[in-house]
Peer 1: 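Mind having a look at this structure? Questions to follow.
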2 protein chains.
Amino acid sequence: MATRPSPRFSIIEVARKAGVSPATVSRAFNQPEIVHPDTLAHIRNVAKRAGFRPNRVGRSLRSGSTRTIGLILPTLSNPVFAECFEGAERRARESGYSVMLTATGYDPAVESAAVQGLMDHQVDGLILTVADVNKSATLDDLDSSGMPYVLVYNESSTHPFASVDNRAAASDMVAHLAALGHRRIALVTGPLTASDRARRRLMGARACAKKLGLETVQHIAMSSHTGSDADALKAALRGKQAPTALFCSNDLLATAVIADLVALGLSVPSDISVCGFDGMRFGALLTPPLTTVAQPSDGIGQTACSNLLAQIHGQPPQSNRLPHCIVVGGTAASVRR
Amino acid sequence: MATRPSPRFSIIEVARKAGVSPATVSRAFNQPEIVHPDTLAHIRNVAKRAGFRPNRVGRSLRSGSTRTIGLILPTLSNPVFAECFEGAERRARESGYSVMLTATGYDPAVESAAVQGLMDHQVDGLILTVADVNKSATLDDLDSSGMPYVLVYNESSTHPFASVDNRAAASDMVAHLAALGHRRIALVTGPLTASDRARRRLMGARACAKKLGLETVQHIAMSSHTGSDADALKAALRGKQAPTALFCSNDLLATAVIADLVALGLSVPSDISVCGFDGMRFGALLTPPLTTVAQPSDGIGQTACSNLLAQIHGQPPQSNRLPHCIVVGGTAASVRR
DNA sequence: TTGAAAGCGCTAACAT
DNA sequence: ATGTTAGCGCTTTCAA
């Protein structure tokens, strides 16, 4: 079991040892059905003995395909994105594709560099989430590059994506809150300028409120995407017109908001209702369990990957809106009379 | 903004357009300091105008380095591994390395295929977690391949790793429980045969119990790594000699166990104490917050990556034991008299 | 069914 | 400081 310096065989050595041409060895690995069974067995034997495995870099350069896709997500520490990755990676692996993954930490500079870097690596396609579909330099680059890609979580009429219908989902949650008797609802988000999803959710929430004759959904902006802002929260809760329900634009934010409310001496849901958006598994473990809008993140990843692979194989780009559902937990309750 | 079929330029075209040799263009990108400033500016200009970026596949083939590392982890849905990935990826990116990631779902076959696949891709090194360092076919392959690698979460005297000291960590937790008055403690794990970490934790727990004169730490094996087994649990809790504290070998398992206990009509911690191992962030959000042994997962990933890069650059392999700490939550309380 | 030859895009000797 | 040349490992015509 000595650690030899690994004199990595090439297809040429194998060909010589097997007494055939390099082309035949190549065929033995790529189109075994067209080489003579005896030759095939012999080559496989020699290759195995020598510990030979085709070098994918050589193959990629020659064939023009790396059989690798790139994934660019804000952070894997948000279980929503982690699940999305798992769905996509599994699907990719099943099709013989590998995945390069970059976490941007919501930094547009990292995001843009990641796209460039993955393109330099000649990935066959890209799955990514951008802050805002409508003004993303990254996305413009991508469009003009001809590289196949699919967005996840974003929605757009001009770019392929896999996502829930954020407007409808937010609307459904507002309807749920309204059914509980809430008439003053606020949507809590991170910086709106940095998230087209948050904007869509706000639109959906407002549309529903209007339809149901509720007061306009207020908007409370936090400075970070997943962290709460105790001061902003306190300010928003002052006065007679304070909202009775806080609809947070993601689950992580909801947990942070709940923690802040508790620190403020409020109790959820008896003093105020809170709900989230995402449906991360951990929400169910909280006490009370988090009321939220569940997105099928694994499915979003899987679908995006399927669509991307289809594109890579020449199909036209395609978008999918996956079904969401309201998870009734215990953080949103009937409003007190 | 037409989607041109992208007639990807090569270094040769750029060289011709710029009136220099391909080698000079290559130098302009790789060792800009040795080319004449005017030439450099001119080449950069031409390259930029043509939208040229060096093809990393060509470069990799020629140079023998892909500047890519492989990461193989059981699942990104466990926030512990997600954080580890983030630490490693960030560190890699800072050094100009990209990351290919595979989630094995604890399946040895996937694990082994992933190692092969990443080696086929000519990654420069590998970071991975294996079920059992002492009998891992995967690891044997790796050793004989000469590919640099660093284990994460595993510990070994013969393989480089980055991990906490699992024995000491488990011992510390047992000491903590003992200080709360517990004398009958059980360690709850998934299949022991499939996790050297669980085994080390059991050893550490037993050693500490012995030292402190407690009863031997019982072992309750669940059939899955992170799911609880209500029947096994019920059986273990029968009788006068039932444990007063359940030490779960990971946080996800701890949450599942707590849920089962609650379903059994027991209350944590007043009827029985429970604690976990990992220190996932969500533990702090539970009610009561999870008492656990925190591992610095981001740091483990970062350290592993640093050590791997050092190895890739010719340094000898190195192992690191990172510090753990006991997080006192509310799921473990003083034993009732 | 197999072989010969060219070349994917790039870099590293070696020359100048 | 720049150019010439060869070739990394593989696949893919084109021939046989």
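Remember, it's a predicted structure, so these values are computed and weren't measured experimentally. Letters A, B, ... are given to chains in the order of the sequence lines, protein chains preceding strands, and every chain is numbered from 1.
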Peer 1: In whole angstrom, what separates I11(B)'s CD1 from dA12(C)'s P?
Peer 2: 11 Å

Peer 1: Report, one pair per line, the protein and nucleotides 5-7 of chain D atoms (nitrogen or oxygen only) whose separation is under 3.5 Å.
Peer 2:
{"residue": "dG7(D)", "atom": "N2", "partner": "R62(B)", "partner atom": "NH1", "Å": "3.3"}

Peer 1: Rounded to the Å, how far apart are H121(B) NE2 and dC10(D) P?
Peer 2: 14 Å

Peer 1: Show every salt bridge (Lys or Arg N to Asp or Glu O under 4.0 Å) that has at least one partner inside residues 100-118 of chain A, sequence neighbours left out.
Peer 2: none

Peer 1: Does the distance from a Lys or Arg side-chain N to an Asp or Glu carboxylate O, for D298(A) and R90(A), drop under 4.0 Å?
Peer 2: yes

Peer 1: If the condition is ring pair (Phe, Tyr, Trp, His ring centres under 6.0 Å), which residues does F29(A) pass it with, not counting sequence neighbours?
Peer 2: F52(A)

Peer 1: Counting only pairs under 3.5 Å, give me each side-chain donor-acceptor contact of residues 151-160 of chain B, with atom names and distances, residues two or more places apart or in other chains.
Peer 2:
{"residue": "Y153(B)", "atom": "OH", "partner": "V80(B)", "partner atom": "O", "Å": "3.2"}
{"residue": "Y153(B)", "atom": "OH", "partner": "S297(B)", "partner atom": "OG", "Å": "2.9"}
{"residue": "N154(B)", "atom": "OD1", "partner": "V130(B)", "partner atom": "N", "Å": "2.8"}
{"residue": "N154(B)", "atom": "ND2", "partner": "V130(B)", "partner atom": "O", "Å": "2.7"}
{"residue": "N154(B)", "atom": "ND2", "partner": "D196(B)", "partner atom": "OD1", "Å": "3.0"}
{"residue": "N154(B)", "atom": "ND2", "partner": "D196(B)", "partner atom": "OD2", "Å": "3.1"}
{"residue": "E155(B)", "atom": "OE1", "partner": "R321(B)", "partner atom": "NH1", "Å": "2.3"}
{"residue": "E155(B)", "atom": "OE2", "partner": "N166(B)", "partner atom": "N", "Å": "3.0"}
{"residue": "E155(B)", "atom": "OE2", "partner": "N166(B)", "partner atom": "ND2", "Å": "2.8"}
{"residue": "S156(B)", "atom": "OG", "partner": "T158(B)", "partner atom": "N", "Å": "2.9"}
{"residue": "S156(B)", "atom": "OG", "partner": "T158(B)", "partner atom": "OG1", "Å": "3.2"}
{"residue": "S156(B)", "atom": "OG", "partner": "H159(B)", "partner atom": "N", "Å": "3.0"}
{"residue": "H159(B)", "atom": "ND1", "partner": "D143(B)", "partner atom": "OD2", "Å": "3.4"}
{"residue": "H159(B)", "atom": "ND1", "partner": "Y149(B)", "partner atom": "OH", "Å": "2.7"}

Peer 1: Rounded to whole Å, please give me the gap between CZ in R67(B) and C1' in dT11(C).
Peer 2: 14 Å

Peer 1: A side-chain contact here means heavy atoms from C-beta on lying under 4.5 Å apart; do N45(A) and R49(A) qualify?
Peer 2: yes

Peer 1: Which whole-number value in Å describes the distance from N55(B) CG to dG7(C) P?
Peer 2: 18 Å

Peer 1: Would you classify V57(A) as touching base, sugar-phosphate or nothing, given that sugar-phosphate means primed atoms plus P, OP1 and OP2, and contacts are heavy atoms under 4.0 Å?
Peer 2: nothing

Peer 1: Please name all residues satisfying ring pair (Phe, Tyr, Trp, His ring centres under 6.0 Å) with Y106(A), sequence neighbours left out, ordered by chain then number.
Peer 2: H225(A)

Peer 1: Mind grabbing the angle between the end helix axes of the helix from dT1(C)-dA16(D) to dT16(C)-dA1(D)? Five pairs an end, 10° rounding.
Peer 2: 30°

Peer 1: Take the protein atom CZ of F9(A) and the nucleotide atom P of dC10(D), then report the distance between them rounded to whole Å.
Peer 2: 12 Å

Peer 1: Rounding to a whole Å, what distance do you find between I12(B):CD1 and dC10(C):C1'?
Peer 2: 8 Å

Peer 1: Counting side-chain heavy atoms from C-beta on, which of dC10(D), dA12(C), dG3(D) comes nearest to S63(B)?
Peer 2: dA12(C)

Peer 1: How would you list all residue pairs meeting salt bridge (Lys or Arg N to Asp or Glu O under 4.0 Å) that involve residues 18-46 of chain B, not counting sequence neighbours?
Peer 2: none

Peer 1: Any pair with a residue in residues 65-89 of chain B that passes salt bridge (Lys or Arg N to Asp or Glu O under 4.0 Å), sequence neighbours left out, goes on the list, sorted by first then second residue, please.
Peer 2: E83(B)-R281(B), E89(B)-R93(B)

Peer 1: Tell me the interatomic distance from R56(B), atom CZ, to dC8(D), atom C1', rounded to whole angstroms.
Peer 2: 17 Å

Peer 1: Got a sec? Which of residues 26-47 of chain A come in under 4.0 Å of DNA chain C, heavy atoms?
Peer 2: R27(A), I34(A), V35(A), H36(A), T39(A)

Peer 1: Under the ring pair (Phe, Tyr, Trp, His ring centres under 6.0 Å) rule, what pairs show up with a residue in residues 295-317 of chain B, not counting sequence neighbours?
Peer 2: none

Peer 1: What residues, two or more places apart in sequence or in another chain, satisfy ring pair (Phe, Tyr, Trp, His ring centres under 6.0 Å) together with H121(A)?
Peer 2: none

Peer 1: By nearest nucleotide on DNA chain D, pick out whichever of T24(B) and L61(B) is the more 5' one.
Peer 2: T24(B)

Peer 1: Starting from P on dC10(C), measure out to CG on D120(A) and report it in whole angstrom.
Peer 2: 10 Å

Peer 1: Ignoring hydrogens and angles, write down the donor-acceptor pairs under 3.5 Å from the side chains of residues 301-310 of chain B, residues two or more places apart or on other chains.
Peer 2:
{"residue": "T303(B)", "atom": "OG1", "partner": "G299(B)", "partner atom": "O", "Å": "2.7"}
{"residue": "S306(B)", "atom": "OG", "partner": "R91(B)", "partner atom": "NE", "Å": "2.7"}
{"residue": "S306(B)", "atom": "OG", "partner": "Q302(B)", "partner atom": "O", "Å": "3.1"}
{"residue": "N307(B)", "atom": "ND2", "partner": "N320(B)", "partner atom": "OD1", "Å": "2.6"}

